[in-house]
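None of these values were measured; they are calculated from a predicted model. Proteins come first, then strands; the chains are lettered A, B, ... in the order of their sequence lines, and each starts at number 1.
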Amino acid sequence: MLPKELRLKKRSAFTATYKTGTSFHQDGITMFCGRINKEPFPTKAGFVVSKKIHKRAVKRNRIKRLMRESYRLLVKSSGSPLKYMSVIFVASAKLLNKDFKYINSAMTKLAGKL
RNA sequence: UAAAGCAGCCGGAUAAUCGCGCCUUGAGAGGCAUUGCUUUGAAAGGUGAGGAAAGUCCGUGCAUCCAAGGACAGACCGCCGGAGAAACUCCGGGCAGCGCGAGCUGGCGGAAAGUGGCACAGAAAAUAUACUGCUAACCACCCUUUUAGGGCAGGAGCGAGGGUGCAACGGUGAGGUAAGAGCAUCACCGGCGGUAUCGGAAGGUACCGGCCAGCUAAACCCCGGUCGGAUGCAAGAUUGAAACAGGCGUUUGAGGUGUCCGCCGAUGCCUGAAAAAUCGCUGGAGCUUGAGAGCAAUCUCAAGACAAGAUAGAUGAUUAUCAGGGAAAUAUUCCCGAACAGAACACGGCUUAUGAGCUGCUUUAUUCU
RNA sequence: AGCGGUAUCGUCUAGUGGUUAGGACGGGAGAUUCUCAUUCUCCAAACAGGGGUUCAAUUCCCCUUACCGCCG
């Protein structure tokens with residue numbers, strides 16, 4: 001789990017990030033990026049796993065937690081990215097029953113764009 | 001030994017590193033200000049998903065609004081007794097069905113108040129005798145003949161047979177008769193009613209009676225019982241700056257309260273939204289242990305502990321060892337290390353999903369003593 | 001989290017205790033034409049799954065599954 005200041009929380013912030021439109025895709029994870037950051041605040045991150053992916057909450061939570069843990073380790077090793085104001089990671093059905101290593105490699109590739 | 005039945009338990013453990021939510025203590029820093037208030041908060045300690053948290057199928061509490069009156073409608077329940085706040089809940093008993101048995105299952109009032117339905121087949125599907133059919137005892141008729149014999153189904157009698165169908169107006173056997181029939185005949189069985197008796201009741205048992213009443217109420221309905229209604233914690237309360245919405249006086253066309261009577265609604269004057277924060281929010285019809293009452297559900301008493309409370313939503317990631325399981329195989333090696341599944345106001349049930357096992361009691365079969 | 005609704009041929013739908021489950025579009029075959037279109041004839045194709053009530057269930061009742069909606 002991330003500390004509070006690195007989490008994207010408000011609904012308005014989510015819709016604003018989606019509107020900006022820059023997005024990247026890698027191995028079942030889609031990354032939406034918000035506006036370019038003008039001040040050196042750390043990027044806020046949000047994680048989305050839709051109900052369409054799986055009906056059961058346990059499996060959705062598992063994907064979400066793995067993505068979050070991977071992002072946390074990246075922040076810990078290389079510092080918080082500063083380029084964008086916000087970033088959202090959206091999972092697809094491809095990630096069902098995948099382990100930490102698979103998701104971590106995908107997240108690392110995406111983080112290279114930050 | 002094998003196969004079953006019932007009741008119950010468990011829902012992994014330990015350690016290391018890196019993290020998150022909440023609570024307590026709170027170094028330090030900032031602001032107001034003058035030794036108090038407030039904001040932020042390093043670090044430490046504590047604590048952090050379930051037996052179903054699920055489905056939302058029932059029932060409660062809690063909250064707001066409407067109404068607080070009457071009648072009707074409506075919804076739900078339905079063998080008896082008990083438990084429970086209540087329940088499409090639980091326990092015990094009865095009855096019916098299933099099973100060799102231990103046991104299991106049951107939405108289990110009324111079809112003799114009324115209405116409706118019962119396709120196809122069948123004579124007929126509910127007022128049975130319209131059809132087919134049986135009968136020459138009786139009346140009528142005919143023939144032979146003489147005190148009777150024969151014919152004839154017109155009258156009359158009969159409800160037995162009619163292959164159908166889920167179902168045919170009690171069943172089987174005997175007696176009886178012209179032919180027959182529950183036929184004021186008989187035996188056994190089924191159903192109905194009465195009496196006696198056992199039981200707290202549902203109901204059981206015995207005897208007697210007349211002689212029969214199809215199925216369907218998860219069709220309408222009847223009987224008995226219960227129920228203020230609506231909305232649901234995104235209920236709702238408080239704080240909160242500006243565009244825009246709510247509260248108080250006058251009148252009856254449309255609208256609302258399940259419907260009707262009855263009651264609120266439309267027009268003029270005064271105060272406040274959304275986002276956000278705090279509360280609601282977890283100490284409870286609760287949990288554990290022991291004693292007592294009861295066949296049991298459950299209740300009573302005593303002691304003890306309380307430790308999720310998030311809000312884009314924490315309870316995680318990686319690694320090692322062990323319990324445990326599987327395979328090879330024999331002093332070891334390899335693999336797995338789970339299944340169903342994640343709190344969102346709380347509780348009582350029901351239903352559905354679920355891995356590897358363990359414990360106790362009981363039944364049946366086989367073998368041995 | 002809470003509260004509702006729907007499910008019928010490939011698609012859109014009708015039916016509501018006894019039906020050969022009807023229709024339209026689409027598909028296939030044939031006829032008409034020199035060929036195609038149009039038109040005509042014929043054919044195939046469905047009651048979401050499981051259990052119960054009933055003589056009989058797409059229909060009535062219960063459970064499950066899938067989909068959709070409301071509420072900020």
- Message: Using Watson-Crick or G-U wobble geometry with both distances under 3.5 Å, which nucleotide pairs with B/A241?
- Response: none
- Message: Does B/C18 have OP1 or OP2 under 4.0 Å away from a side-chain N or O of A/Arg68?
- Response: no
- Item | Whole-angstrom distance between C/U13 and C/A21, as gauged at atom P | 22 Å
- Query: Residues two or more places apart in sequence or in another chain: which of them pass side chain to side chain contact (heavy atoms under 4.5 Å, CB included) with A/Ser105?
  - Reply: none
- Message: For a quick check of understanding: with a heavy-atom distance under 4.0 Å over all strands, which category does A/Leu73 fall into, base, sugar-phosphate or nothing?
- Response: nothing
- Message: Counting only Watson-Crick pairs (N1-N3 plus N6-O4 or O6-N4) and G-U wobbles (N1-O2, O6-N3), all under 3.5 Å, who is the partner of B/A75?
- Response: B/U226
- side-chain hydrogen bond (donor to acceptor under 3.5 Å, both in side chains) filter on A/Thr30, not counting sequence neighbours, yields A/His25
- Message: Apply the syn/anti split at 90° from 0 to B/G46 and say which one it is.
- Response: anti
- Should the ring pair A/Tyr71 and A/Phe47 be called parallel, tilted or perpendicular, given that the plane angle runs from 0 to 90° and is split at 30 and 60? perpendicular
- What is the glycosidic conformation of B/A49: syn, defined as within 90° of 0, or anti? syn
- Task: Could you work out which one of B/U318, B/A343, B/C18 sits closest to the side chain of A/Glu69?
- Result: B/C18
- Note on the structure: In whole angstroms, the gap separating P of B/G342 from CD1 of A/Ile63 amounts to 14 Å
- Note on the structure: Checking N1-N3 plus N6-O4 or O6-N4 for Watson-Crick, or N1-O2 and O6-N3 for wobble, each under 3.5 Å, the partner of B/C233 is none
- Note on the structure: Hits for salt bridge (Lys or Arg N to Asp or Glu O under 4.0 Å) against A/Lys64, two or more places apart or cross-chain, chain-then-number order -> none
- Message: How close do A/Asp27 and A/Ala106 get, counting heavy atoms only, and between which atoms?
- Response: CB-CB, 3.9 Å
- Between B/G162 and B/G157, how far apart are the P atoms? Round to whole Å, please. 24 Å
- Query: In terms of side-chain heavy atoms of A/Ala57, which of B/G342, B/C18, B/U319 is nearest?
  - Reply: B/G342
- Take the protein atom CZ of A/Arg65 and the nucleotide atom P of B/G21, then report the distance between them rounded to whole Å. 14 Å
- Pairwise side-chain contact, A/Met107 with A/Leu73, heavy-atom cut-off 4.5 Å (strictly under): no
- Message: Using Watson-Crick or G-U wobble geometry with both distances under 3.5 Å, which nucleotide pairs with B/U177?
- Response: none
N/O contacts under 3.5 Å, protein versus nucleotides 64-69 of chain C?
| residue | atom | partner | partner atom | Å |
| --- | --- | --- | --- | --- |
| C/A66 | OP2 | A/Lys55 | NZ | 3.0 |

